[in-house]
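To start, the structure under review is shown below, and the notes come after it.
Residues: numbered from 1 along the sequence shown.
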Amino acid sequence: IGGTGTSLSTDTNGRRLRVSYVCAHYNPGQASWEKDCRTVYNTAKPADGVLCLCSHNTSFAILMSAEEIDPGYSKVQSYLTYALLGVSTIGLFLTIALLLPIEGLRENRPAKINICLSTALLLASLMFLTQDAFINTQDTGVIELKSSGCAVYAMLQHYLWLVVFMWMAVEGLQMYLSLVQVFGSHISKYMIKFNLAAWGIPLPLPFVGYFVFTKTYTVGGFTFTDHGYLAETMCFLRPESIPFYALFLAPIVLVILINLVFFVLLARVIKDSKASGNPSDHQLILRQLKGAVGVMSLLGTGWFFGIFMSVPAPEFQVGLQYLFILLNSTQGTFVFLIYVALNDQVRTFWLVKLGLKEEQNSAATSCSTTRN
């Protein structure tokens, strides 16, 4: 969300400024500074030194650039994130707590996958929500920025968000098998295989990102580690970096595209079921599709807007940041609404359990109507 303590100062007019350093050389012919050198320095401790990596021997200089920052929006974004994400986390807790006791619903494949998706999303949200308790932009927290502990924290967050999207892919696959490829859709020990895929496939990516893109340079008596994987002011992937695009954003986009293919196939099934004139089949398929589309669209759309957050225009960028926060910080809330509050089976079970509704035979057996 952005820290307001690191590399920031307030001038005599009360403006908030971010100071950055750039290696460049002067081109007399063009009468301009050319930034064709790579600048490496610790943004949390710029006094340690600035390293310029150039491929030529032309005289160069380290330029100091100061840009004004709106003193209000970064704090508002932080408060908004914590408030929405806190509610979202409670929603995920409730989703898991209210689904697990329902034995009939818990035994079918879609509910098991829903619980696993909610668990992964809960862990990822908690990691992000509790980050400020251990890390701060002044680099005075329990975990120091760009330290080994910070790397582990970033790799865990990276891994958990990839697991969330793997479960999205699994949910799309199970809907395809249940509603499109009905015959031959049986998978022996399917939850073991799904868990191995969802938790195992993303595992190497954080390690590749950190160890491949973290390099140490030594020039004279100056030694500095260039963290191409870690962000400057938080323990997460560096935005607009190769690891971010190749090892985080690309897998997410791939999952979204795969699920789009599944949805097209499911839409055809809905069209055929409507044409067949069997209302019960049509309603069952449509209800399951709405739930899956709602959750997957919510999870995917928020990260999709993150792609455009590096747009140079400040007004456009700030607007996208708020949109990104609103979509991603409310994921758990919508998961609760779709899987619990708007789910007739779950709602009926708890109303009967609390004595607010009389038990009916159709309600007692409704959990078994979903295909396993």
Side-chain angles (χ1 to χ4, degrees), residues 1 76-103 105-106 108-133 156-157 159-172 174-175 198-199 236 252 255-256 259 287-306 321-354 356-357 367 370:
I1 304 307
V76 172
Q77 288 179 349
S78 296
Y79 295 146
L80 183 63
T81 300
Y82 293 135
L84 294 178
L85 196 57
V87 175
S88 180
T89 302
I90 294 173
L92 291 169
F93 269 120
L94 291 175
T95 299
I96 298 170
L98 294 176
L99 288 180
L100 283 176
I102 308 177
E103 184 176 355
L105 185 64
R106 191 178 65 236
N108 68 54
R109 184 191 294 174
K112 290 180 180 179
I113 294 173
N114 293 347
I115 291 171
C116 290
L117 173 61
S118 300
T119 301
L121 184 56
L122 174 62
L123 292 174
S125 299
L126 284 174
M127 286 289 292
F128 185 87
L129 191 62
T130 59
Q131 182 170 196
D132 282 357
L156 280 173
Q157 289 200 79
Y159 170 68
L160 287 172
W161 284 113
L162 291 179
V163 170
V164 169
F165 279 86
M166 280 300 300
W167 278 113
M168 282 177 54
V170 170
E171 180 148 4
Q174 81 84 17
M175 289 198 65
W199 295 94
F236 196 65
I252 289 176
V255 168
I256 294 172
N259 279 336
R287 185 170 62 249
Q288 293 186 17
L289 181 62
K290 282 181 178 179
V293 170
V295 172
M296 293 183 196
S297 299
L298 178 72
L299 292 174
T301 305
W303 291 104
F304 177 78
F305 280 106
Q321 288 172 357
Y322 278 107
L323 192 58
F324 180 83
I325 291 169
L326 289 172
L327 290 173
N328 285 297
S329 298
T330 55
Q331 291 174 352
T333 304
F334 280 91
V335 166
F336 172 78
L337 291 174
I338 294 171
Y339 287 162
V340 178
L342 300 179
N343 188 312
D344 293 336
Q345 298 172 5
V346 177
R347 192 169 61 248
T348 300
F349 174 87
W350 285 107
L351 287 175
V352 171
K353 195 78 172 177
L354 296 173
L356 301 176
K357 185 176 182 179
C367 293
T370 305

If every non-hydrogen atom of [X] is compared with every non-hydrogen atom of [Y], which pair is closest and at what distance?
X    : Y    : result
A198 : V163 : O-CG2, 3.6 Å
P110 : N108 : CD-OD1, 3.2 Å
S118 : V335 : OG-CG1, 3.6 Å
T81  : F128 : CG2-CE2, 3.8 Å
S88  : S329 : CB-O, 3.2 Å

Would you compute the distance between atom [atom1] of [X] and atom [atom2] of [Y] and round it to the nearest 0.5 angstrom?
X    : Y    : atom1 : atom2 : value
F236 : M127 : CZ    : CE    : 10.0 Å
I325 : Y79  : CD1   : OH    : 13.5 Å
L327 : Y322 : CG    : OH    : 15.0 Å
F349 : L354 : CZ    : CG    : 9.5 Å
T89  : L94  : OG1   : CG    : 11.0 Å
L99  : N114 : CG    : CG    : 7.0 Å

Taking side chain as C-beta onward, heavy atoms only, is [X] less than 4.5 Å from [Y]?
X    : Y    : answer
L84  : N328 : no
V340 : W350 : no
Y339 : I115 : no
I90  : F336 : no
V164 : L117 : yes
L92  : Q331 : no
L160 : W199 : yes

Could you walk me through whether N259 and M168 satisfy the side chain to side chain contact (heavy atoms under 4.5 Å, CB included) test, starting with their C-alpha distance in whole Å, then the side-chain angles of each, then the deciding distance to 0.1 Å, before giving a yes or no? CA-CA 8 Å; N259 279 336; M168 282 177 54; 4.0 Å; yes
